[in-house]
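Some notes on the structure that comes next.
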Amino acid sequence: MGCSKWRVAFNFGHLKVQSKLSVFFTMIILFTYLFYCLNGFCDSLPRPVFDQRSLLHGGIILTDGRDAENLGGALNASPASVVRQHLPDLPTGDAPFNISVANTFGSKKFPQAIIIGVKKGGTRALLEFLRIHPDVRAVGAEPHFFDRFYEKGLEWYRNLMPRTLEGQITMEKTPSYFITKEAPRRVFSMSRHTKLIVVVRDPVTRAVSDYTQTLSKSPGLPSFRSLAFRNATTGLIDTSWSAVRIGIYAKHLENWLRFFPPSRFLFVSGERLVSDPAGEMGRVQDFLGLKRVVTDKHFYFNQTKGFPCLKKPEGSSRPRCLGKSKGRPHPQIPAEVLLRLRDFYRPFNLKFYQMTGHNFGWD
């Protein structure tokens, strides 16, 4: 009997000790959690930007429960714009924002707009300027689908595209499309509603720029004069040389107009993209049906490079300029060669002005 009482007392005491230990360890965990939270470590925990289920209904719900459609100014904005507007702690600039939101949500679509040309006209600058806009998502590298990789199929092409939210535009740029004979039919087969942007530049200056780029890669290249003329004595221009052929814009445009009406095109002046980037970007944003977000406050003129650069984005240590391959000094070309080339292009330029309804002032 005495032993039984002793066993009960021992078990009861053992339970007391266990209970005290549990309370002790629980208190340690709570104090540790409070210590980390007070020091700001809890703020680094990931939080959802919006409820993915609401995408099914074309709207978004912020983490505090507010319906985006009930927020001021949200009725005419895309989900991406609303998220950016009402979450000010999100980093500015295209890349961080799209990594944190658009790469997690949305879907891959065929591009609604394509920059189809022209090489050395300013297509890279235009694309980089457009990527500032929160409602533009673009492929960085040139896909070359409609001229080189068409046999891979449309599904392969769509998988190259970035994910987009409702209200965002998917874009790509491949300048060689404009001079590729098969490209218009292929783009039309994908979608007859595709918007087409052509960045054009004085064809003589463009040819010299094209030659300069090739010369930087092949220092042993023959002179510009020897490549531009079939016969230096007669002054006959060699239209088989790509640097010359690309600048016959009217000829290439005729090929595209067989499939797309003029209303599907926007012709951007490469010269105005340098002298007035904000004005030209306003036209581009209007054409794409976008709010004019990219304005003169985004640009400054870089005297060294000779073209506009993007001002330093918030959170970045330096401004964004195009790479070393842009703004190279051109070699000296004899004046008589340039004059002969300008005479060659003049009738084609005039026809191009008529076709586009815009005088670019190259003559």
Next on the checklist: What I want to find out is whether Arg206 reaches Asp202 closely enough, with some N-O distance under 4.0 Å, to be called a salt bridge.
Outcome noted: no

Next on the checklist: Under a plain distance cut-off of 3.5 Å, with no hydrogens placed, do Glu172 and Tyr177 share a side-chain donor-acceptor pair?
Outcome noted: yes

Next on the checklist: For Arg292 and Asp286: C-alpha separation, side-chain torsions, deciding distance, then whether side chain to side chain contact (heavy atoms under 4.5 Å, CB included) applies.
Outcome noted: CA-CA 7 Å; Arg292 287 198 175 193; Asp286 292 346; 2.5 Å; yes

Checklist entry - Hey, what do you get for OG1 (Thr170) to CD1 (Ile114), rounding to the nearest 0.5 Å? => result 10.5 Å

Next on the checklist: Quick one, Ser176 and His144 - any side-chain contact, counting heavy atoms below 4.5 Å?
Outcome noted: yes

Checklist entry - With side chains defined as the heavy atoms from C-beta onward, is the minimum distance between Phe146 and Glu182 less than 4.5 Å? => result no

Item to check | Ring geometry between Phe360 and Trp362 (parallel below 30°, tilted from 30 to 60°, perpendicular above 60°) | outcome: parallel

Item to check | Within 45° cone and under 6.0 Å: Lys195 NZ/CZ vs Phe287 ring | outcome: yes

Next on the checklist: Taking Val187 as the starting point, is it possible to reach Val139 by hopping between hydrophobic residues whose side chains are less than 4.5 Å apart?
Outcome noted: yes

Checklist entry - Going by heavy atoms in the side chains, are Asp135 and Leu288 under 4.5 Å from each other? => result no

Checklist outcome for this item: Minimal heavy-atom distance between Val118 and Pro175, with the atoms involved, is C-CB, 3.7 Å

Checklist entry - Among the clusters formed by ILVMFWY side chains lying less than 4.5 Å apart, do Phe188 and Phe149 turn up in the same one? => result yes

Item to check | Minimum-distance pair of heavy atoms, taken over all atoms of Asn255 and Lys181 | outcome: ND2-O, 3.1 Å

Checklist entry - Less than 4.5 Å apart, any side-chain heavy atom of Met161 and any of Pro111? => result yes

Checklist entry - Does some side-chain heavy atom of Arg148 sit less than 4.5 Å from a side-chain heavy atom of Pro143? => result no

Checklist entry - How long is the span from the CZ atom in Arg201 to the NZ atom in Lys120, to the nearest 0.5 Å? => result 7.5 Å

Next on the checklist: For a quick test of reading the model, state the closest non-hydrogen atom pair linking Asp296 to Ala278 and the distance between them.
Outcome noted: N-CB, 3.4 Å

Item to check | Spacing of CG belonging to Leu127 relative to CZ belonging to Arg131, to within rounding of 0.5 Å | outcome: 5.5 Å

Checklist entry - Which is it for Arg340 and Glu336 under the salt bridge (charged side-chain N to carboxylate O under 4.0 Å, His left out) test, yes or no, and what are the steps along the way? => result CA-CA 6 Å; Arg340 177 69 189 90; Glu336 64 272 15; over 6 Å; no

Next on the checklist: Restricting to side-chain hydrogen bond (donor to acceptor under 3.5 Å, both in side chains), what partner residues turn up for Asp276, sequence neighbours left out?
Outcome noted: Arg272

Item to check | Within 6.0 angstrom of Arg192 CZ, more than 12 heavy atoms from elsewhere | outcome: no

Next on the checklist: Whether the side chain of Ser223 engages the backbone of Ser226 through a donor-acceptor N/O pair (distance < 3.5 Å, no angle test) should be reported.
Outcome noted: yes

Checklist entry - Judged by atom type as modelled, is there a donor-acceptor pair below 3.5 Å linking the side chain of Ser191 to the main-chain atoms of His193? => result yes

Item to check | Candidate pair Phe299 and Val294, rule side chain to side chain contact (heavy atoms under 4.5 Å, CB included), full reasoning | outcome: CA-CA 9 Å; Phe299 302 100; Val294 185; 3.8 Å; yes

Next on the checklist: When you group the ILVMFWY residues by side-chain heavy-atom contacts below 4.5 Å and let the links chain together, are Val198 and Ile169 in the same group?
Outcome noted: no

Checklist entry - What side chain to side chain donor-acceptor pair (under 3.5 Å) pairs are there with at least one residue in residues 348-359, not counting sequence neighbours? => result Glu254-Lys351

Next on the checklist: Going by the rule ring pair (Phe, Tyr, Trp, His ring centres under 6.0 Å), which residues pair with Phe265 if we only count those two or more places apart in sequence or in a different chain?
Outcome noted: Phe267

Item to check | Where Met355 and Leu257 come nearest, the two heavy atoms and their spacing | outcome: CE-CD1, 3.7 Å

Next on the checklist: Would Val136 and Gln168 count as a side chain to side chain contact (heavy atoms under 4.5 Å, CB included) here? Give the steps.
Outcome noted: CA-CA 6 Å; Val136 172; Gln168 289 184 316; over 6 Å; no

Checklist entry - Which heavy-atom pair separates Gln285 from Val293 by the least distance, and what is that distance? => result OE1-N, 2.8 Å

Item to check | Flag for Thr123-Lys173: side-chain donor and acceptor within less than 3.5 Å | outcome: yes

Item to check | Those residues that, when tested against Asp343, pass side-chain hydrogen bond (donor to acceptor under 3.5 Å, both in side chains) (two or more places apart) | outcome: Arg346

Checklist outcome for this item: Rounded to the nearest 0.5 Å, the NE2 atom of His298 sits from the NE2 atom of His133 at a distance of 9.5 Å

Item to check | Step-by-step side chain to side chain contact (heavy atoms under 4.5 Å, CB included) determination, Ile197 to Val268 | outcome: CA-CA 7 Å; Ile197 300 177; Val268 177; 3.8 Å; yes

Item to check | Centroid separation His252 to Phe178 less than 6.0 Å | outcome: yes

Checklist entry - Could you state the interatomic distance from CG (Leu266) to CZ (Arg283), rounded to the nearest 0.5 Å? => result 5.0 Å

Checklist entry - Are side-chain heavy atoms of Ile116 and Thr174 found at a separation under 4.5 Å? => result no

Item to check | Side-chain touch Leu126/Met281, heavy atoms, less than 4.5 angstrom | outcome: yes

Checklist entry - Does NZ or CZ of Arg186 fall inside the cone over Tyr150's six-membered ring, less than 6.0 Å from its centre and within 45° of the axis? => result yes

Next on the checklist: Between Ser209 and Thr212, do the side chains contain a donor N or O and an acceptor N or O under 3.5 Å apart?
Outcome noted: no

Item to check | Residues that Ser218 engages under side-chain hydrogen bond (donor to acceptor under 3.5 Å, both in side chains), provided they are two or more places apart | outcome: none

Checklist entry - Is any side-chain heavy atom of Phe260 closer than 4.5 Å to a side-chain heavy atom of Leu196? => result yes

Next on the checklist: Using every non-hydrogen atom in the two residues, find where Leu273 and Ala125 come nearest and quote the distance to one decimal.
Outcome noted: CD2-CB, 4.4 Å

Next on the checklist: Clusters formed by hydrophobic residues whose side-chain heavy atoms approach within less than 4.5 Å: which one holds Tyr211, and what are its other members?
Outcome noted: Val204, Val208, Leu215, Leu221, Phe224, Leu227, Phe229, Ile237, Trp241, Val244, Ile248, Ile333, Val337, Leu338, Leu341, Phe344, Tyr345, Phe348

Checklist entry - What is the distance from atom CD1 of Ile179 to atom OG of Ser242, rounded to the nearest 0.5 Å? => result 7.0 Å

